[in-house]
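See below for the structure under consideration.
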2 protein chains.
Amino acid sequence: MVATSEDVARRAGVSRGAVSQILNGRGARFSAGTRERVQLAAAELDYRPSVAGRALARGSSDIVIALIPDTTFGGNLQDLFESMTDEFAGHGLTLLLRLSGTSTTSLDHLLTGIKPRAVLSLTGFSDEERAVLEERGIRGLESPAPTGGSPIHDIAKVQARHLIDRGHRRLAFAHLRDERQEFYGRAREEAFAAVCLAEGLPAPEVLSLDLGLPDAVEALRMLPARGFGVACYNDEVAIALLAAAREIDWAVPDDLAIIGMDHLLLGQLTSPPLTTIEYDQTTVAEGAGRWALAVLEQPSEVSAEAPPLQLRIIQGGTT
Amino acid sequence: MVATSEDVARRAGVSRGAVSQILNGRGARFSAGTRERVQLAAAELDYRPSVAGRALARGSSDIVIALIPDTTFGGNLQDLFESMTDEFAGHGLTLLLRLSGTSTTSLDHLLTGIKPRAVLSLTGFSDEERAVLEERGIRGLESPAPTGGSPIHDIAKVQARHLIDRGHRRLAFAHLRDERQEFYGRAREEAFAAVCLAEGLPAPEVLSLDLGLPDAVEALRMLPARGFGVACYNDEVAIALLAAAREIDWAVPDDLAIIGMDHLLLGQLTSPPLTTIEYDQTTVAEGAGRWALAVLEQPSEVSAEAPPLQLRIIQGGTT
DNA sequence: CGCGTTACGTAACGCGCGTTACCTAGCGCT
DNA sequence: AGCGCTAGGTAACGCGCGTTACGTAACGCG
């Protein structure tokens, strides 16, 4: 049905071993003519080595599995993974996605079974995941943290600084009440609180809401007074709070200042449009992809350099 | 590093062949004692058959690849795939995701390499994709169309009927101007137009917009007059049009009626909240997952029955 | 000529598994 | 005893590939 290396060998008039060597870069020992004949035959037959056979012989496949965190996927992120898929394909690697919400043992099964060349995560691994990878001897690739701390901390810092710069002294952090965001949300909250502390401000209030009007209103009522500046987990939370403020007739940004995160298109359609933070996901992804490829092909040089996360404040009308 | 079937065999004091047979349901010929010893040994060693070895021996792996269409992913859909991942895992299948934006030849490479047990698509395959699957002899699973037409047609119909029921005679369809939606968008538009025709109404106006205010306003200006009822590709488009209407001081729903699709949480935060269509993605996914498993395990009974897509109108304030 | 090199390939093993043909012991029956 | 049968299990092949030890010429050189 599909051409095997045996077919290629026959067509090129050589042995299977020769085909294998030539097509895998170890062909220096063969004459130019033979190399050419093999290359040609492979091309003509559209030969594509079997992942299974190769994995069996070599111990690991050419598959790279990207763990998709339980944070909101879609939109830019999707574009990003798409371009990464193409980029990897160009290097003979197959990028597949795995939703990582499932248990760690499930991940373990995946690894022992598929023997991927590497596992990739743009948001870093949990300790559990790291342990499993280590145990199975599988390469874990995570976008190295830009100097100066993780992206998560950077985001929290930028949000806090912006609110403080705009004159707010009483700050709050608004979580998305979704257990899947637990991990990142908590980190963001802590980093945010740290900035408040460093600036000599009182500890921030902490809100938590679902994306519904009643819930958002309820959250606002938890604030001790008007005049707070709220850093939101993302633009969706920000939109919800904005709607809630309108509902209870709080003026934005006077009674409530809001800064989001993500620069969602929908966030610019509110009135006033959201103040938010943009970062170029495409750049991040391309960087991560390129970096991953480099690491995979030059296992020695683990160049831990990655372009720093560029966070840009989009000044809207909510701060 | 990892236990092989040989290890299990040694530990159970039997041959490797016995292990293979017993663990694959062909163990009726073995004594109960032997079966038990093998099962126990496998459990103790946490034996997990190598995907590669199995794929090689059997011709296809236990991997199921889900093609993720270029439509918006995330949110409910993500939950859905997550639960499907778990459900598949329970049946010894590994569900991986593949962004299908990339070329068909890329899909071809994927198939010939990995030899997945099946390829799954919730939205149906393109003709190209179907051809590739056929050629490679790989099972393509698509959620069978509920009786009475595809989900796409159902959506268009429900939107049109609702607008007509609310007294609108001049209808429009609003596309999302994103080439990735091209395929589904066009189908929806055509189905929508068909309903108009059947009802003796003039052909619908066709709008197309990006999710930005200027673009949405521009789209509205393309309408020949006020008083149109617009069926939107999704809630995001609807939100954009709603914002545009407010921008140019059109009253909703009098000057412009809007019905969305998806029942996005954010769509309920607008003022007025969106009239939209909800469908239980979880149910759809679970149904699809169950169906897929059934088909895979009973290759003969291709029960083409799937629960019909339940579309429910969420009456908001925009119609 | 005789010997050592190099250039060019090939044969063969093993990766982990599924499958099938085959073997052996035990038992019942004539 | 001889035959047939079944239950219970094993040996061995092949899936497609990467890798390495091993030819086998041709060639250079004294």
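Keep in mind it's a predicted model, so treat the numbers as computed, not measured. Lettering of chains follows the sequences in order, A, B, ..., and the numbering in each one begins at 1.
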Donor-acceptor contact present, side-chain Asn24(B) to main-chain Gln21(B), <3.5 Å: no
Assigned partner base of dA1(D), Watson-Crick or wobble definition, under 3.5 Å: dT30(C)
Inter-residue atom distance Lys115(B).NZ - Arg54(B).CZ, 0.5 Å rounding: 15.5 Å
Span of DNA chain D, from the first to the last nucleotide whose atoms fall under 4.0 Å of chain A heavy atoms: dG16(D) to dT20(D)
Position toward the 5' end of DNA chain D (nearest nucleotide), Val14(B) or Arg29(A): Val14(B)
Touch class at under 4.0 angstrom, heavy-atom based, for Arg16(A) against every strand present: base
Touch class at under 4.0 angstrom, heavy-atom based, for Ser50(B) against every strand present: sugar-phosphate
Least distance between heavy atoms, Arg16(B) atom then Ser5(B) atom: CG-OG, 3.1 Å
Of Ser15(B) and Gly53(B), the one whose closest DNA chain D nucleotide lies more 5': Ser15(B)
Residues in side chain to side chain donor-acceptor pair (under 3.5 Å) contact with Ser20(B), at least two apart in sequence or another chain: none
Crowding at CD, Glu36(A) (>12 non-hydrogen neighbours, <6.0 Å): no
Identity of whatever pairs with dT5(C) - Watson-Crick or G-U, under 3.5 angstrom: dA26(D)
Thr34(B) (side chain) donor-acceptor with Phe30(B) (main chain) under 3.5 angstrom: no
Sugar-phosphate only, base, or nothing, as touched by Ser5(B) at under 4.0 Å among non-hydrogen atoms: sugar-phosphate
